[in-house]
Amino acid sequence: AVVSLGDHRARRRLQLFFALRDQGNDVPVIVLSVDDDDISNAPPDCVHAVLKKPIKIDSFAETVASVLGEAPAPTNS
């Protein structure tokens, strides 16, 4: 799941993913963030990546593929 932080609805969706994780479901989460927030500084275990906006499409595609286990982890650019 990809969550773009910035409003209360995004925070609620993120809480839903945490609840699913707590019930034993594997929900890999990629967070898109505008600034340094709590998720960026200390991501929960279900958050596999935090990307800062603006997002570069190639970096985003590499991150999604990596999280889904389809490619090696991207390098920081």
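Below, each value reflects all heavy atoms present in this structure, side chains not excepted, and no hydrogens, waters or symmetry copies. Keep in mind that what you see is a predicted model, and the values were worked out from it rather than measured.
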How long is the span from the [atom1] atom in [X] to the [atom2] atom in [Y], to the nearest 0.5 Å?
X	Y	atom1	atom2	answer
H48	L68	NE2	CG	9.5 Å
I30	T63	CD1	OG1	6.0 Å
L51	E62	CG	CD	10.5 Å

Kindly give the heavy-atom pair with the smallest separation between R21 and C46, and that separation in Å.
CD-CB, 3.8 Å
Checking F17 against V47 for the side chain to side chain contact (heavy atoms under 4.5 Å, CB included) test, could you report, in this order, the C-alpha distance in whole Å, the side-chain angles of both residues, the deciding distance, and whether it holds?
CA-CA 9 Å; F17 297 132; V47 174; over 6 Å; no
Could you check whether any side-chain heavy atom of V29 comes within less than 4.5 Å of a side-chain heavy atom of F18, counting everything from C-beta outward?
no
